[in-house]
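What you see is a predicted model; the values in this text were computed from it and never measured.
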Amino acid sequence: MDGNQGIDPPPDGLADRDEQVGTSPAGPTRGERAVRAVDGRLPLAEAGKELLRKVFPDHWSFLLGELALYSFVFLLLTGVFLTFFFTPSMTDLDYHGSYLPLRGVRMSEAYASTLRISFDVRGGLLVRQIHHWAALLFTASICAHLLRVFFTGAFRRPRELNWVIGLTMFALALLEGFSGYSLPDDTLSGTGLRIAEGVLLSVPVVGTYLSFFVFGGDFPGHAVIPRLFTVHILLVPGLLLALIGAHLTLVVVLKHTQWAEPGRTNRNVVGHPFFPQFLVRTTGLAFTVGGVLALSAVLAEINPIWRYSAYRPDVVGAGAQPDWYIGFIEGALRLIPAVETGVLGHTVSWNVFLPALVVPGLLFAGLYAYPFVERWLTPGSGEHHLCDRPRNKPVRTGLGAAGVAFYTVLLVAGGNDVIAYYFGISVNSLTWGLRAAFFLAPPLTFVVTRRICLALQARDRHRLLEGDETGRIDQSIVGGFDGHHRPVPAAERYAMLVRDVPEPEEPLPGAPRTERVRAALGSWYHGDRVELPATEQESRAVTAVLTDPVHAPRPAAERPAPVGGRGPLGRLFRRLRPRRRRGRGTGR
């Protein structure tokens, strides 16, 4: 602002704002005044403009997050319907409903209301099964989405917070699934609650207090179902809605990652705009998810609680299996042998405390810390907006595959009795085999996966040097054979050469021990790779493509004002700044 002007000049295009919105000479209409009144109090114009211009990359792997979103929507819709008919009470009564085999059986109101939903409420069983299938799809799609983010490096700066949010949503989805799974108070869910009570009691010193707090007294008590009902329909859904909103906001502010293809760099996003292309496609996906869930509910029976009967604390159903997302905890409990020790007058059940609390705690702690550990081991601190091909990060891909193998062993162990029954083998032999696999499968998977990644890199090098075989073979005069090759297509060559391969740093003489450890671990983490042949011109082009937005040279006129920092909140602040300037300039 110069010394001759009392207010900031309006931004370009705002001086004739009345003409742009089509006001008549007689003044704005009632609808225009209403729109201006709302727009003056909420940033709808800026937010709508930003959303409509949002670009979404075109790749199937980016649909995994949308699957989680739409399955959550159907969870909410079906859950609201079920809430009208479910009674979260442990009061006993004699059943006199439509299901004849259970007439006269003593049961809780929770179990009786679930039977009433299934057999007496029109469409109740269909909605119940859609709800259960949607819960499985929600958890599975979050898990698959996290795996995609991990293996492609989409958790790196500036998206570490979004990784933390996504992982927290996965943990909440596990809690939401377990709480909803336990509400019907049937034999299967009651067995799961009995296991949960044993896990709480295994906590040293405070285990008894935790169990009394959760169950409101001795197991099973009369308070656990109402409390789980509150957790299931209010607490966890509210947290999930807040985290989904924060996640989507960060996606809009930080932009999408994308695969390396011609025209795609670390400083742009190439894809379809939100309106109309992406909106039409994502709406079709939403209806497809709903159709698949409804078809699954019609064709595939799930959680038939009437077959399990009402829960009795002295009865445990044979072959009881939890849903898959809790199965790894069940498997860990079955693998650990019975070990108890006494410490200061307290009995510590290590065979419950370690597998049910320590192992999942360490697993989630490692997942939360991983983006920050990798950033600590990686030289430089630039932003990363291009996805890594998993083969180009052998150690990270190997660690991820080892984690999947670790989870798979525990999941299989959670059904060792059913597997042994169907295959006619000894449960003890299967358990000992799974115990060995618990220790051997993850490191073997890491080594094999790392070697496969390096072999795929070597194959890329061979293709870049020799080209692709055409299938044509010529025979020379002397009897030799010569195969023909064609150059690798430009798009594939671009995807092969554009890869982020940081050079490990060597510690300076006399550096602190922390720096020496960091350099040694960084050399191990980033040292394994196959060099790819590239011309000098291609090397310069790859360097330009990988240059992040913060360090890319830009003309002085295009550099944004340093308001609010470079992080996501600062970017959001800068986007709202023109609105405040417009408000001061127009006297509002």
Visitor: Whether Asp388 and Arg396 form a salt bridge (side-chain N of Lys/Arg under 4.0 Å from carboxylate O of Asp/Glu) is what I want to check.
Guide: yes
Visitor: For the ring pair (Phe, Tyr, Trp, His ring centres under 6.0 Å) test, which of Phe364, Phe155, Trp376 pairs with Tyr370?
Guide: Phe155
Visitor: When you look at Phe72 and Ile142, which way does the side-chain contact (heavy atoms from CB on, under 4.5 Å) test go after all the steps?
Guide: CA-CA 10 Å; Phe72 182 70; Ile142 291 180; over 6 Å; no
Visitor: Please find out if less than 6.0 Å separates the ring center of Phe406 from that of Phe438.
Guide: yes
Visitor: Looking only at heavy atoms, what is the nearest atom pair of Ser61 and Trp259, with distance?
Guide: OG-NE1, 3.7 Å
Visitor: Applying the side-chain contact (heavy atoms from CB on, under 4.5 Å) test to Leu293, which of Ile130, Val298, Leu75 qualifies?
Guide: Ile130
Visitor: Answer yes or no: does atom CZ of Arg194 have more than 12 heavy-atom neighbours from other residues, nucleotides or ligands under 6.0 Å?
Guide: yes
Visitor: Is the shortest distance from a Lys or Arg side-chain nitrogen in Arg334 or Glu330 to a carboxylate oxygen in the other one below 4.0 Å?
Guide: yes
Visitor: Is Glu383 paired with Arg159 through a side-chain N to carboxylate O contact shorter than 4.0 Å?
Guide: no
Visitor: Parallel, tilted or perpendicular for Phe150 and Trp163, by the 30°/60° rule?
Guide: tilted
Visitor: Could you walk me through whether Phe229 and Phe86 satisfy the ring pair (Phe, Tyr, Trp, His ring centres under 6.0 Å) test, starting with their C-alpha distance in whole Å, then the side-chain angles of each, then the deciding distance to 0.1 Å, before giving a yes or no?
Guide: CA-CA 10 Å; Phe229 184 71; Phe86 180 73; 5.7 Å; yes
Visitor: Using distance alone, with no hydrogens and no angle criterion, decide if Glu340 and Thr347 have a side-chain donor and acceptor under 3.5 Å apart.
Guide: no
Visitor: Please report the shortest heavy-atom distance between Ala401 and Thr445, naming the atom on each side.
Guide: O-CG2, 3.5 Å
Visitor: Using the six-membered ring wherever Trp is involved, compare the ring planes of Phe81 and Phe85 and label them parallel, tilted or perpendicular (cut-offs 30° and 60°).
Guide: tilted
Visitor: When the ring centroid of Phe178 is compared with that of Tyr325, is the distance short of 6.0 Å?
Guide: no
Visitor: Kindly determine whether Arg312 and Thr187 satisfy side-chain hydrogen bond (donor to acceptor under 3.5 Å, both in side chains), including the steps that lead there.
Guide: CA-CA 7 Å; Arg312 289 173 46 187; Thr187 299; over 6 Å; no
Visitor: Under 3.5 Å, is there a donor-acceptor pair linking the side chains of Asn428 and Thr431?
Guide: no
Visitor: If you compare all heavy atoms of Leu434 against all heavy atoms of Leu335, which two are closest, and at what distance to 0.1 Å?
Guide: CB-CD2, 3.7 Å
Visitor: If you look at every heavy atom in Leu411 and Trp324, which pair is closest and at what distance?
Guide: CD1-O, 3.4 Å
